[in-house]
Amino acid sequence: MHAMSKDGRSRRKGPGLSARVDRERPIGSFASLKVELSVLIIISTAIAFVMAWFLLKMGWSGWIAMPLTLVVALGITYFFSRGLTAPLRQMRDAAEAMADGDYTVRVHATTTSHDEVGLLAQSFNEMAEELQHADQMRRDMVANVSHELRTPVSALQAMVENMADGVTEPTPANLEGILEQTHRLSDLIAFLLDLSRMEAGAASLQIEDFDFGDFIDETLQPLAIADAGHAHDIQVDLEKGLRMEGDQDRLRQLFTNVISNALKHSADGTTVLIQAHEDRQQEAIVTNVVNFGSQIPPEARTDIFRRFVKGKAGPGTESGGTGLGLSIARWAAQLHGGQVQVVDDPRGADFEITLPRYHRDPDEDEDEDEGEGSRSGGSDAPH
């Protein structure tokens with residue numbers, strides 16, 4: 001199988017090339033390039049010595065035997081050295097292709113190479129995969145954001161033009177429609193700002209102790225108002241007296257995205273259940289958000305938390321969204337040392353959020369670990 005580069009040159013791909021590189025690097029299985037070069041010199045010298053001795057014994061003149069032996073030794077050295085540097089030539093061609101924007105190229109280095117060149121080829125392939133993934137994410141982001149922006153902007157333009165032309169009156173219902181579209185734009189901008197924070201690693205948290213039940217009630221109020229047209233029954237079943245430490249703004253992002261995702265993928269008039277209890281053994285609060293009826297295949301439960309991966313449009317949503325909501329939810333959970341995942345539940349899609357009751361600074365945890373290591377090291381020392 002061949003792939004054409006942008007300059008029209010054909011690049012071979014697949015196991016055939018890898019097998020050919022294996023044959024070109026018969027001494028490429030050593031752990032060091034210096035050892036391989038030493039072996040190459042020894043082999044060339046030994047062959048040259050044996051060949052010169054044999055030719056001289058056969059009665060050949062030294063003026064003929066020695067140059068012939070030198071040519072053979074150089075040919076053997078060239079053959080083996082070309083195999084040793086084959087991945088370097090592939091990396092050169094692949095780097096040129098990547099400079100032209102083709103991130104699909106890979107270095108098909110020998111599968112048995114453990115020297116510096118082989119490790120460099122493996123690292124190069126890992127870098128190429130990351131660049132290809134980043135390029136695809138960039139393309140997806142532009143496409144998704146463009147799509148999500150076009151809908152509310154077009155609706156706003158049409159509504160405002162109709163009012164300016166006198167086709168429609170600025171009634172409360174029409175103004176409510178304009179407000180709804182501006183909310184969609186605001187949410188999209190907030191998603192993009194959160195994404196930039198995720199990329200930059202900026203995660204300043206304002207930790208405070210709060211009542212978890214009151215927090216859920218405050219989070220549900222705007223969601224219930226926005227969901228009024230879909231008549232979902234949001235049931236809340238919380239263990240009494242739950243309190244925790246955390247950043248309410250970040251946690252509200254987490255619960256808002258997970259709950260709104262459940263509402264979007266639930267048919268109108270169905271139930272969304274929110275349950276929470278304390279796991280005293282782990283000192284954590286476990287929350288389950290269940291939308292009945294729908295299920296998420298096990299193979300898709302990890303992908304839905306990746307950026308720009310959009311779920312199928314549900315009965316209660318106009319589109320699959322930006323593909324950022326659940327990624328931001330996972331990010332907010334991880335900031336608090338918790339996690340969000342999809343668990344098996346016969347009732348429907350069940351998003352389980354596990355958060356520690358008491359906030360612990362990661363820097364403090366590292367200091368404690370280092371202190372324990374020092375203490376354990378000191379106990380082993382002789383007195």
Side-chain angles (χ1 to χ4, degrees), residues 176-177 179-181 183-184 186-188 190-191 194 210-244 246-279 284-296 301 304-305 310-330 332-333 336 338-355:
E176 182 68 24
L179 182 61
E180 181 181 351
Q181 300 303 323
H183 284 165
R184 289 190 62 184
S186 177
D187 291 341
L188 179 60
F191 278 147
D194 289 333
F210 59 90
D211 184 275
F212 189 74
D214 294 340
F215 167 79
I216 291 296
D217 290 339
E218 294 173 1
T219 302
L220 286 176
Q221 287 179 2
L223 293 176
I225 295 174
D227 187 68
H230 300 290
H232 287 120
D233 180 18
I234 305 177
Q235 297 183 2
V236 180
D237 181 15
L238 306 181
E239 184 179 316
K240 294 183 179 179
L242 290 179
R243 299 190 67 85
M244 69 173 295
D247 187 324
Q248 292 195 57
D249 291 335
R250 291 283 176 244
L251 291 175
R252 186 162 286 112
Q253 287 180 304
L254 163 60
F255 284 92
T256 297
N257 285 321
V258 172
I259 297 172
S260 63
N261 180 77
L263 294 172
K264 287 179 181 179
H265 293 85
S266 298
D268 293 353
T270 58
T271 300
V272 172
L273 174 64
I274 302 172
Q275 293 178 313
H277 68 278
E278 179 183 358
D279 186 338
I285 294 179
V286 180
T287 307
N288 294 86
V289 179
V290 186
N291 56 305
F292 295 88
S294 62
Q295 290 285 354
I296 300 176
R301 294 179 181 179
I304 60 176
F305 291 100
K310 300 170 65 176
K312 294 182 179 179
T317 181
E318 296 179 3
S319 70
T322 60
L324 293 175
L326 292 179
S327 177
I328 292 172
R330 182 179 62 176
H336 289 80
Q339 64 176 354
V340 54
Q341 60 183 340
V342 180
V343 297
D344 293 328
D345 194 328
R347 298 174 297 179
D350 187 346
F351 284 78
E352 185 173 271
I353 305 168
T354 304
L355 296 168

Any idea which heavy atoms bring [X] and [Y] closest together, and the distance?
| X | Y | result |
| --- | --- | --- |
| His232 | Leu263 | CE1-O, 3.2 Å |
| Leu273 | Arg347 | CD2-NH1, 3.5 Å |
| Ser260 | Leu223 | CB-CD2, 4.1 Å |
| Phe305 | Gln341 | CZ-CA, 4.0 Å |
| Leu238 | Ala276 | CD2-CB, 3.3 Å |
| Thr219 | Phe255 | CG2-CB, 4.2 Å |

Any chance you could measure [X], atom [atom1], to [Y], atom [atom2], to the nearest 0.5 Å?
| X | Y | atom1 | atom2 | answer |
| --- | --- | --- | --- | --- |
| Leu242 | Asp214 | CG | CG | 11.0 Å |
| Ile353 | Ile285 | CD1 | CD1 | 11.5 Å |
| Glu352 | Asp344 | CD | CG | 10.5 Å |
| Leu179 | Ser186 | CG | OG | 10.0 Å |
| Leu220 | Thr256 | CG | OG1 | 8.5 Å |
| Lys264 | Asn291 | NZ | CG | 13.0 Å |

Quick one: does [X]'s side chain have a donor or acceptor within less than 3.5 Å of a partner on [Y]'s backbone?
| X | Y | answer |
| --- | --- | --- |
| Asn261 | Asn257 | no |
| His336 | Gly246 | no |
| Gln275 | Val286 | no |

- Task: Over 60° means perpendicular and under 30° means parallel, so classify the ring planes of Phe210 and Phe215, tilted if in between.
- Result: tilted
- Item | Flag side-chain contact, heavy atom, 4.5 Å: Leu254 against Leu355 |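 The answer is yes; the side chains approach within 4.5 Å.
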- Query: Can you tell if the side chain of Asn288 reaches within under 4.5 Å of the side chain of Val343, non-hydrogen atoms only?
  - Reply: yes
- Test log, rule side chain to side chain contact (heavy atoms under 4.5 Å, CB included), inputs Ile296 and Phe351: CA-CA 10 Å; Ile296 300 176; Phe351 284 78; 3.7 Å; yes
- Do Asp237 and Gln235 meet the criterion of a side-chain donor-acceptor pair at a distance under 3.5 Å?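 No donor-acceptor contact under 3.5 Å links the two side chains.
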- Give the intermediate values and the outcome of side chain to side chain contact (heavy atoms under 4.5 Å, CB included) for residues Val272 and Thr270. CA-CA 7 Å; Val272 172; Thr270 58; 5.6 Å; no
